[in-house]
Amino acid sequence: MLRLHDTATGAVRPLELRSPGKVSVYVCGVTVSDVPHVGHGRFSLVWDVVRRYLEWSGLEVRYVSNITDVDDKIIARAEREGREPAEVAEEYERAWYETMDRLGVRRPDDDPHATAYVDRMVELVGELVERGVAYETDDGVYLSVADVPGYGLLARQDLDSLRAGARIEVDDAKRSPLDFAVWKKAKPGEPSWPSPWGEGRPGWHTECVVMSLDLLGEGFELHGGGLDLAFPHHENERAQAVALGKRFAEHWVHNGLVVVAGGEKMGKSLGNTADLASLLRSHDPRAYRLLVLRSHYRSPIVVTETEIADAAAALRRLDTVFRRAAEIGLAAAAPDAEVVERFRGHMDNDLNTPPAMGLLFEQVRRANTLLDSEDDDSAATVLGTIGVLASAVGLAVGQEEVEAPDEAALAVARQRDGARAAGDWGAADAARDELVRLGYVVEDGPTGTSLRRR
RNA sequence: GGCGACGUGGCCGAGUGGUUCAGGCAAGGGCCUGCAAAGCCCUCUACCCGGGUUCGAUUCCCGGCGUCGCCUCCA
């Protein structure tokens, strides 16, 4: 069984299942107020890998990830651009999924939208007020963190030290600076919903509690998100569940952040985000997945053109071995069970993908060696192993998109083969130069000149 | 100030109390090739600093130094 680091305990421990063979995962999604940035790509890939690996391990996975479609940034943007907030949210949700598709990130089984759950959130806030753990002020309803046992679990700090470090502005209406809004009263012109506390909208931390409990039920197995969400977002989600006496997530997993060259994290607040879609325009999106897999999911990573290009070069080895096999009509066979088990050992150990990828590339070399020595049966087995490992982490291989060379190029290639057969190396090399100029990689294969787009 | 993470070879990045210390990229040499490419083989450069524990530490402990994260919206 997969063992994962749990932020609540600070230890790596097995994922425990409510019912055998089934696992529910809730991953905090995005606020659709802008185009996705490179950091979003990392987190999406990490969780896509978790999901695929769980399925690969034979579990039935229910994967839920929300879309926050009402919040201050969306409202601010709508105002700036003279549009409706809903229109802004729809535009960036589209952009989000288009980019995720490019990355090969599968869509969630459910993607609850905050605006569709406002009624349930109003109910929840009402219950909190009834229980006396939330209170109304001029601008909203706040949860009193002092009334929540164990507040600070995910921050791994107690209430006093959290309070000592609080940087938020002092608001006299709040009982503690750490108290957070579960309901925000509307200012004129803002999107709003009716509630016992007047027109307003739910606080951000409230949506995820309501939606995760509604879709996955109490005590769901795994709650994930970026490390920057551990506190206060996840802490506050948990606080609400605890305040209501409900069982919440059993296991908390947080992925490391993308950092820029100096080591500083990439984030909206720092204004140093890089556009994800444009990165994917200039490189094979699978290279980003491989880059993510080559470091541990909790480590910070730098993602620039250089790193992506490095990963893309490694990826070519993976594609090449399948292309070599295809050229001789060799199909993958059943995998080497021993290697698959070693792979599983790495993955089960807190999703240790770097050595798992090491194993994958060792298999690539093995397959190449076997192909060199024309040991096709053994090569087919290793190829099968590579396919199984790659599919476990969502790395599409052996299905490289090959753009067929155009007629003119094929004609030149035939001329080259003719010249080579005749021993006319000058003509053969001139033909190769011409093909390179046309943008092809030229290789001599078992069937003569082989071409592929550079 | 509080809490936490990290510091490995030219770069990325695992890992381990001790004979052979993943994997990828890059570099050099070789094999293969008409020449290449691809592939394969070989080589190079490590464990931030100072103490300690130990027969032996990159790995454990203590202390430095450095980088980063969270304590505010952020994946």
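In what follows, chains carry the letters A, B, and so on, assigned in the order in which the sequence lines appear, proteins first and then strands, with residues in each chain numbered from 1. Heavy-atom basis, side chains included; hydrogens, waters and symmetry copies ignored.
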Just checking A/Glu81: does its CD atom have more than 12 heavy atoms from other residues, nucleotides or ligands closer to it than 6.0 angstrom? yes
Sidechain-backbone polar pair: A/Glu235 side chain, A/Leu154 backbone, donor-acceptor under 3.5 Å: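 Pair found, side chain donor or acceptor close to backbone of A/Leu154.
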Nearest to the side chain of A/Asp310, heavy atoms from C-beta on, is which of B/G39, B/C25, B/C71?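 Of the candidates, B/C25 comes closest.
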Using the side-chain heavy atoms of A/Asp429, tell me which of these nucleotides is nearest: B/C35, B/C12, B/G39.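 Nearest listed nucleotide: B/C35.
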At less than 3.5 Å, do the side-chain atoms of [X] and the base atoms of [N] form a donor-acceptor pair?
{"X": "A/Arg432", "N": "B/A36", "answer": "yes"}
{"X": "A/Arg420", "N": "B/G34", "answer": "yes"}
{"X": "A/Asp444", "N": "B/C35", "answer": "yes"}
{"X": "A/Asp160", "N": "B/G2", "answer": "no"}
{"X": "A/Lys73", "N": "B/C73", "answer": "yes"}
{"X": "A/Ser269", "N": "B/C73", "answer": "yes"}

Nucleotide [N], atom [atom2] - distance to [atom1] of [X] in whole Å:
{"X": "A/Glu207", "N": "B/A75", "atom1": "CD", "atom2": "C1'", "answer": "14 Å"}
{"X": "A/Leu389", "N": "B/G24", "atom1": "CG", "atom2": "C1'", "answer": "16 Å"}
{"X": "A/Asp372", "N": "B/G30", "atom1": "CG", "atom2": "P", "answer": "19 Å"}
{"X": "A/Trp252", "N": "B/A75", "atom1": "CH2", "atom2": "C1'", "answer": "15 Å"}
{"X": "A/Glu374", "N": "B/C32", "atom1": "CD", "atom2": "P", "answer": "16 Å"}
{"X": "A/Leu270", "N": "B/U72", "atom1": "CG", "atom2": "C1'", "answer": "12 Å"}
{"X": "A/Arg323", "N": "B/A37", "atom1": "CZ", "atom2": "C1'", "answer": "10 Å"}
{"X": "A/Ile301", "N": "B/C11", "atom1": "CD1", "atom2": "P", "answer": "19 Å"}

Take atom [atom1] in [N] and the same atom in [M], then report the distance between them in whole Å.
{"N": "B/A5", "M": "B/G9", "atom1": "C1'", "answer": "23 Å"}
{"N": "B/G28", "M": "B/G69", "atom1": "P", "answer": "38 Å"}
{"N": "B/C44", "M": "B/A26", "atom1": "C1'", "answer": "12 Å"}
{"N": "B/G63", "M": "B/G24", "atom1": "C1'", "answer": "37 Å"}
{"N": "B/C12", "M": "B/C6", "atom1": "C1'", "answer": "16 Å"}
{"N": "B/U8", "M": "B/U45", "atom1": "C1'", "answer": "12 Å"}
{"N": "B/C61", "M": "B/U54", "atom1": "C1'", "answer": "12 Å"}
{"N": "B/A37", "M": "B/A75", "atom1": "C1'", "answer": "41 Å"}

Does the ring of A/Trp425 meet both stacking tests against the six-membered base ring of B/G34: centre distance under 5.5 Å and plane angle under 30°? yes
Quick one: label [X] by what it contacts on the DNA or RNA (base, sugar-phosphate, nothing), any heavy atom closer than 4.0 Å.
{"X": "A/Gly263", "value": "sugar-phosphate"}
{"X": "A/Glu362", "value": "sugar-phosphate"}
{"X": "A/His296", "value": "sugar-phosphate"}
{"X": "A/Gly226", "value": "sugar-phosphate"}
{"X": "A/Asn255", "value": "base"}
{"X": "A/Pro232", "value": "sugar-phosphate"}
{"X": "A/Val442", "value": "base"}
{"X": "A/Leu257", "value": "base"}
{"X": "A/Gly10", "value": "nothing"}
{"X": "A/Val258", "value": "base"}

Note: [X]-[Y] ion pair, threshold 4.0 Å (strictly below):
{"X": "A/Glu443", "Y": "A/Arg452", "value": "yes"}
{"X": "A/Asp111", "Y": "A/Arg107", "value": "no"}
{"X": "A/Lys185", "Y": "A/Asp138", "value": "no"}
{"X": "A/Arg416", "Y": "A/Asp444", "value": "yes"}

Is there a side-chain contact between [X] and the phosphate of [N], meaning an N or O under 4.0 Å from OP1 or OP2?
{"X": "A/Arg365", "N": "B/G24", "answer": "yes"}
{"X": "A/Arg366", "N": "B/C40", "answer": "no"}
{"X": "A/Asn352", "N": "B/G15", "answer": "yes"}
{"X": "A/Ser299", "N": "B/C12", "answer": "no"}
{"X": "A/Lys265", "N": "B/C70", "answer": "yes"}
{"X": "A/Arg317", "N": "B/C40", "answer": "yes"}

Complement of [N], any strand, by Watson-Crick or G-U distances under 3.5 angstrom:
{"N": "B/C6", "result": "B/G66"}
{"N": "B/C47", "result": "none"}
{"N": "B/C40", "result": "B/G30"}
{"N": "B/U58", "result": "none"}
{"N": "B/U16", "result": "none"}

Check whether A/Tyr135 forms a cation-pi arrangement with A/Arg175 (NZ or CZ under 6.0 Å from the six-membered ring centre, at most 45° off the ring normal).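 Yes, A/Arg175 lies over the aromatic ring of A/Tyr135.
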Strictly by modelled atom types, are [X] and [Y] linked by a side-chain donor-acceptor pair under 3.5 Å?
{"X": "A/Asp139", "Y": "A/Thr137", "answer": "yes"}
{"X": "A/Asn236", "Y": "A/Tyr151", "answer": "yes"}
{"X": "A/His5", "Y": "A/His254", "answer": "no"}

RNA chain B: 5'-proximal contact among A/Glu264 and A/Leu315 (nearest heavy atom): A/Leu315
